[in-house]
Amino acid sequence: MAPAKQCSTFEAPPGYTAVPVKFSEERRTHHYLYIKEHKVREDLDQTRPQNRTLFVLNVPPYCTKESLSQIFTSCSPVESIELQDKPGPSEAQSSAFSKHFGLKHLNGFKVAYVVFKHPSGVQAFKSFKVKKPVVLSGVGHSIKTGINKWIDNYQASLTDVAELQAEVDEFMKGYDERVAEEEEKAKEEEGVPDEEGWVKVTRKGRRPGLARTEAVNIRVTEKEKRKRAQKELLNFYAWQHRESKREHLAELRKKFEEDKQKIALMRAQRKFRPY
């Protein structure tokens, strides 16, 4: 666990409010969360609406979404909490479309965005006063650390085969529907000239592309292997290159002599013999 950052006073950077937190009642040290209202144009960040979002700095490694929720729920009901490595656009929008891949575990100190259900939550927090550090891990809410946390992270990284198969089937169903729509649209537009009189030509014709079945793939692979085997180590060494040149010149000379004999024979047969 990272060493605790101690502060003798509740002073915070300009524009921020300092809220002290500690892991448990037994801990003598505590951290400070630095919090301010998040103000960004909604067209740039639609998941964090104005007047309902707080930006939180210096979130300790052991702090979870549930821990933050118990702090801010005392002001107003919380709609969502997002943890990130550093300030920036919502990572939920740029994450992979599948929940089974791209899982990210945050390590070290991080930042958080807290979205209230009502704008009154931000105003209530501005008048929120903390007299002593807020305990995050207690009887009602215990935070797992050490090997227990690692076990939970490992269990969360495992993929449920049934859920993954259902997600793949749903994706392929949507893909097949899109392909069918595109083919139907292509059939409707086939042979129809556009505004400038051009007709779109597709691959469908006398020799359409081969259907890439498993048998076809095997035949193509074997053919490529045979071609590759014929080219392997051909004229690899210098002496092989010289020998091939010498053999090629000898073959040319042999053909030249044979052609000379053929021409001489043809000339002899063309001589005029009156008797």
Side-chain angles (χ1 to χ4, degrees), residues 40-49 52-53 64-66 68-69 77-108 110-115 117 144 148-229 231:
V40 177
R41 282 174 18 199
E42 292 190 11
D43 57 341
L44 299 177
D45 198 349
Q46 298 180 358
T47 60
R48 302 161 185 164
R52 289 200 292 128
T53 306
T64 62
K65 293 183 179 181
E66 292 77 12
L68 290 175
S69 179
V78 175
E79 180 178 298
S80 64
I81 296 177
E82 184 178 1
L83 298 173
Q84 295 185 185
D85 281 330
K86 57 184 178 180
S90 175
E91 295 180 352
Q93 296 178 347
S94 58
S95 61
F97 57 86
S98 174
K99 66 177 182 180
H100 298 285
F101 303 99
L103 296 177
K104 185 178 180 182
H105 296 291
L106 301 177
N107 299 315
K110 43 193 174 283
V111 300
Y113 294 90
V114 181
V115 180
K117 291 184 178 180
K144 293 183 179 181
N148 293 324
K149 182 178 180 182
W150 296 341
I151 292 173
D152 282 356
N153 291 341
Y154 173 74
Q155 294 293 342
S157 66
L158 298 178
T159 302
D160 189 326
V161 178
E163 289 185 6
L164 180 60
Q165 185 62 51
E167 186 176 302
V168 170
D169 293 341
E170 184 178 356
F171 175 83
M172 292 306 300
K173 180 180 178 181
Y175 173 78
D176 293 339
E177 291 176 356
R178 291 195 301 272
V179 170
E181 291 177 1
E182 292 176 359
E183 290 181 351
E184 188 67 25
K185 185 177 180 181
K187 287 181 181 180
E188 293 176 357
E189 296 178 353
E190 187 175 1
V192 179
D194 57 11
E195 297 176 355
E196 298 181 357
W198 294 93
V199 177
K200 183 178 180 181
V201 180
T202 62
R203 292 185 61 187
K204 294 181 179 180
R206 294 181 180 178
R207 298 184 63 183
L210 291 175
R212 280 290 183 154
T213 60
E214 186 176 356
V216 173
N217 285 335
I218 292 173
R219 287 199 299 271
V220 172
T221 304
E222 290 178 352
K223 187 175 180 181
E224 290 176 354
K225 285 183 179 179
R226 287 196 298 270
K227 286 184 178 180
R228 205 178 301 117
K231 294 180 180 179

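Numbering starts at 1 and runs along the sequence shown.
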So do the side chains of [X] and [Y] get within less than 4.5 Å of each other, counting heavy atoms only?
X	Y	value
Lys173	Asp169	no
Val78	Leu68	no
Ser80	Tyr113	no

Check each of Glu222, Lys223, Glu224 against Val220 using the side-chain contact (heavy atoms from CB on, under 4.5 Å) test, and report the only one that passes.
-> Glu224

Atom of Lys65, atom of Glu82 and distance for their closest heavy-atom approach | CE-CA, 4.4 Å

Residue pair Leu83 / Ala112: nearest heavy atoms and the distance that separates them = CD2-CB, 3.5 Å

Can you tell me how far the [atom1] atom of [X] sits from the [atom2] atom of [Y], to the nearest 0.5 Å?
X	Y	atom1	atom2	answer
Lys225	Lys227	NZ	NZ	15.0 Å
Gln84	Lys86	CD	NZ	10.0 Å
Thr221	Arg226	OG1	CZ	10.5 Å

Sidechain-backbone polar pair: Thr53 side chain, Pro49 backbone, donor-acceptor under 3.5 Å | yes

Please identify each residue that fulfils salt bridge (charged side-chain N to carboxylate O under 4.0 Å, His left out) with Glu66, with sequence neighbours left out.
-> none

